[in-house]
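Beneath this line is the structure, given in structure tokens, with notes to follow.
Proteins get letters first, then strands, A, B, ... in listed order; numbering begins at 1 in each.
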Amino acid sequence: MNYEHKSIESKWQKIWQETSLADCDVSQTRDNFYNLCMYPYPSGDLHMGHIRNYTIGDVITRYKQKNGFNVLSPMGWDSFGLPAENAAIKTGIHPKKFTEERISNMRDQIQRLGSLYDWEKEVAAHDKDYYKWTQFLFIKLFENGLAYKDDAPVNWCTSCKTVLANEQVIEGGCERCDATVEQKNLNQWFFKISEYSEELLKGLDEIGDWPSNVKSMQENWIGKSKGAEFNLNILDTDLNFPVFTTRPDTLFGMTFAVLAPEHNIINEIIKISPSSEEIKKYIKKTNAKSEFERMSITKQKTGIDTGLYVLNPINGKKVSLFIADYVLVNYGTGAIMAVPGHDERDYEFAKVYNLPILQVIIDESHSINIDQEPFTERGVLINSEEYNNLNSHDEASDEILKYLKEKGIGEEKTIFRLRDWLISRQRYWGCPIPVINCSACGLVPESFDNLPVLLPEIDDYKNSEDSPLANSKEFINTSCPKCGIQCLRETDTMDTFVDSSWYFLRFLDSKNNDMPFNKEIINSWLPINQYIGGVEHAILHLLYSRFFIKALRDIGMVDVNEPFHNLFSQGMINFGGSKMSKSKGNVVDPESYFATHGADALRLYILFMAPPSDGVEWNDGGIEGTKRFLNKIWDNFEKMSSIEIVKHNELDAEIIRKINQAIFSVTNHLDKFEFNTAVSDLMKINIELTKYLSSTQAISKRTKDYIVFNICSLLYPFAPHIASELNNMYTSQNIAELSWPIFDETNLTDPTYELVVQINGKKRHTKIVNTGTSKEEAEKICEIEFKLDLKNYKKIIFVQDKIINFIG
RNA sequence: GCCCGGGUGGCGGAAUUGGUAGACGCGACGGACUUAAAAUCCGUUAUUCGAAAGGAUGUGGGGGUUCGAGUCCCCCCCCGGGCACCA
């Protein structure tokens, strides 16, 4: 029979609300557990990814509550961002109205999933009471030298008409719209995340439980390289420039040097180079190329000979100086020593321009030569004077570095790939940068009393070269907070990743009108015990938030090193082979399942379908299975309610043991985030219950209570509505308020097991025997039962309560 | 190219420390109930030989360690994800 999921679910959601089950007193300082799901962008409707995220989060919330923790599980909205603005351009509806309607719709949907959230603490990034504090924190960073404005070559999306962070450029295109991204020189705001490169990297080792792939993605992104930096002198001039290399051991193999086309020293070179006209032409050509074109590794390398020379510092040899766009200005020093014999890119370039290629490393057996390709593996040095025969890489690098240091030419150097975080956006629907351009005082932050710098009402959201805010006279015209003269505001807004870098702090003190948050509360609640969200945020959001916490710590606003202790990344849910998206028309709408199958069945299915960290294909039939399971357990409980009560029933011992095993197994799986197998445990215990109920006509009161309490408790984190209702069939107690069941360690093993009899490692027979049967007893059983002659076997291996293996 | 994951029935996936491979669910097939269908219930379901009893094969491929390998070691192939002219 189908149980009435609709009425049951709304009934219990109401009860949880009325009993304030989700409300958390953050002033309490004992047994706190901060369980956080990544706050969503209000896209309009909940999708399966959200359902997966919030179901996992709720399982943890309810499980931890039952274990006595004071759980904080808040929810909010990452509500600034492009889609609302693009919609406004199209339809004329104000982004605020558009966004808030969507928030209210999604909030309803989230509530119907039955997850517990402390809505008292809800925040929304676009709310002026929130972005006031985003601006406050920006000013704090600015005052502490962690936010600065600088000219920089930036990524400009030709379609969104805005600057993008490096992280938002995917294969030369805009992350959002795929349009071509151009390089432009603009005056932009940056956060000094690069100052924390080393700490962000180290922190990954000290952090709690994070998925290894997320750690490795962050490591890759930070990109630490150890090597040497030394100066090259341009022959017959006093021009010097530094180069960076990770392979100082190959220094004798340098046969030319290369500068990036944007390198500062080129201005000087043009003055003295015999081929300055060609250089100018080459640089012009390079500028016209898109970032993607330049980065494409398939194209042939290009460059230009400056006609100038530099000296190899280790042997004084004169080599040519080139300019080439395969050298990147914003990595290392923007200049390299080229060792074509042992570097693929230099090799390729040398082939194109017919430059000498010198082998300075050879494999141990001296059989490798570099006629066809460079040799980049380990070996020993040749053609390197007194360094010959040293091992390449480490040993030789150390020695050559020592020489460079002694001579005062160079030094050890560690560089990072991570660059400063560009946060300016030339868009409307974001947090205004609270800075004023004063012709007398320079860049001046808005005074705290004047915060928030409100987003003005404007007629036209379209941006051209300037930000939309530049069109609002009321907005841009202001006076300098320092000297009072008339001046103009900054017109850019912040990257929305700034908003999401600190929202988890505001949750703890969301009503605070004097400060973004109270330091003491943050110190007692952070790091967040469990953070749960999609793997798509593995780099950006998680790295930025980590930076933010470290920056706020150094400013003195918190005493915490890392924001997130444990991180869980759920896999994506695909449908029809690709990621669900409205544009592809392959969206499975969770809302319809609330009506047809109920929230509990949907929750169970989404947990059961695969290990939660795996990506998975949506299968419509699967949810039928979890709904069937709920119907069956419902039927069992109804059947049990009409069963005769007796003092004692012999069959009880077994069902009690099976339930005890289930408590053990579900608890273990829950602790390890193995929700799929935890759900299968629940299904198994229901099969046992079905068997038990069909084989007995009577039950003892104690057994019945045991069954009800434990099955309802185990089911509760996963399918909380039906678990609460089933429990109420028998008692007026609310299952939500009872503690997590404890298993009896002495009652986990079954009294018998199936002994596997192997002969020479192959399974030949099985036999049900008593648990604890000794080797001798097992041998005797095999002699009698399977007519084995023990004399025929050299060796008998017996594994207690598992197998016996006769070797002969 | 580099760095992470991963490869088990028709499908999603289970398998403490090496110890009965395929739990649980979906699907399929057969049966019961029904005028019929749906729902529900019962049974079968890795492949293969066999009437059966029983045997052989089987966790991407090839080697190895072991009484015993999905699990450990070496080599190779394939798939997913991330990074990528990063010196």
[N] [atom2] sits how many Å from [X] [atom1], rounded?
X         : N       : atom1 : atom2 : result
Trp634(A) : rA39(B) : CH2   : C1'   : 18 Å
Glu377(A) : rC2(B)  : CD    : C1'   : 13 Å
Asn220(A) : rG81(B) : CG    : P     : 16 Å
Tyr326(A) : rG1(B)  : OH    : P     : 21 Å
Phe629(A) : rC41(B) : CZ    : C1'   : 18 Å
Phe675(A) : rG13(B) : CZ    : C1'   : 17 Å
Leu682(A) : rA14(B) : CG    : P     : 16 Å
Leu251(A) : rA87(B) : CG    : C1'   : 13 Å

Check: [X] side chain, [Y] main-chain N or O, donor-acceptor pair, under 3.5 Å:
X         : Y         : value
Asp614(A) : Val616(A) : no
Glu754(A) : Thr766(A) : no
Tyr593(A) : Arg603(A) : no
Arg417(A) : Ser225(A) : no

Please give the distance between the [atom1] atoms of [N] and [M] as a whole number of Å.
N       : M       : atom1 : answer
rC11(B) : rG18(B) : C1'   : 29 Å
rA32(B) : rA39(B) : C1'   : 14 Å
rC74(B) : rG5(B)  : P     : 14 Å
rA69(B) : rU59(B) : C1'   : 11 Å
rG30(B) : rA38(B) : P     : 13 Å
rG60(B) : rG70(B) : P     : 10 Å
rU47(B) : rC42(B) : C1'   : 26 Å
rC76(B) : rC3(B)  : P     : 13 Å

Item to complete: Please test Tyr692(A) against Asn636(A) for side-chain contact (heavy atoms from CB on, under 4.5 Å), starting from the C-alpha separation and ending with a verdict.
Response: CA-CA 10 Å; Tyr692(A) 169 78; Asn636(A) 276 339; over 6 Å; no

Practice prompt. Sugar-phosphate atoms are those with a prime plus P, OP1 and OP2; base atoms are the rest. Using that split, label each nucleotide of nucleotides 18-31 of chain B B, S or - for protein heavy atoms under 4.0 Å, 5' to 3'.
Written response: -BB--BBSSS----

Worksheet item: About how many Å separate CD1 of Ile759(A) and CG of Asn805(A), when rounded to the nearest 0.5 Å?
Response: 9.0 Å

Practice prompt. Specify the residue among Asn213(A) and Gly332(A) whose closest nucleotide of RNA chain B lies further upstream toward the 5′ end.
Written response: Asn213(A)

Practice prompt. Nearest-nucleotide wise, let me know which of Arg247(A) and Ile807(A) is further upstream toward the 5' end of RNA chain B.
Written response: Ile807(A)

Counting the atoms with a prime plus P, OP1 and OP2 as sugar-phosphate, which does [X] contact under 4.0 Å by heavy atoms, base, sugar-phosphate, or nothing?
X         : value
Lys762(A) : sugar-phosphate
Pro211(A) : nothing
Val327(A) : base

Discussion item. Please determine whether a side-chain nitrogen or oxygen atom of Lys627(A) lies at a distance below 4.0 Å from atom OP1 or OP2 of rU40(B).
Written reply: no

Worksheet item: For rA56(B), does either OP1 or OP2 sit under 4.0 Å from a side-chain N or O belonging to Arg764(A)?
Response: yes

Worksheet, complete the sentence: Side-chain contact check for Ile336(A): nearest option of rC67(B), rA87(B), rA84(B) is rA87(B)

Worksheet item: Side chain of Val616(A): nearest nucleotide among rA84(B), rG12(B), rA87(B)?
Response: rG12(B)

Which one is paired to [N], where only Watson-Crick or G-U wobble pairs with both distances under 3.5 angstrom count?
N       : result
rU17(B) : none
rG43(B) : rC29(B)
rA87(B) : none
rG80(B) : rC4(B)
rU65(B) : none

Worksheet entry | Evaluation steps, side chain to side chain donor-acceptor pair (under 3.5 Å), between His597(A) and Glu624(A) | CA-CA 8 Å; His597(A) 296 75; Glu624(A) 297 294 337; 3.1 Å; yes

Worksheet item: Should Tyr353(A) and Phe256(A) be marked as a ring-ring contact (aromatic ring centres under 6.0 Å, His included) after you check the CA-CA gap, both sets of side-chain angles, and the distance that decides it?
Response: CA-CA 11 Å; Tyr353(A) 290 91; Phe256(A) 58 101; 8.9 Å; no

Practice prompt. Starting from the C-alpha separation in whole Å, work towards a yes-or-no answer on side chain to side chain donor-acceptor pair (under 3.5 Å) for Tyr326(A) and Asp346(A).
Written response: CA-CA 9 Å; Tyr326(A) 81 91; Asp346(A) 297 344; 2.7 Å; yes

Practice prompt. Record whether the side chain of Lys215(A) comes under 3.5 Å of the base of rC4(B) through a donor-acceptor pair of N or O atoms.
Written response: no

Worksheet item: When you look at CD of Glu4(A), are more than 12 heavy atoms from neighbouring residues, nucleotides or ligands closer to it than 6.0 Å?
Response: no

Practice prompt. Based on the glycosidic angle (syn within 90° of 0, else anti), state the conformation of rG9(B).
Written response: syn

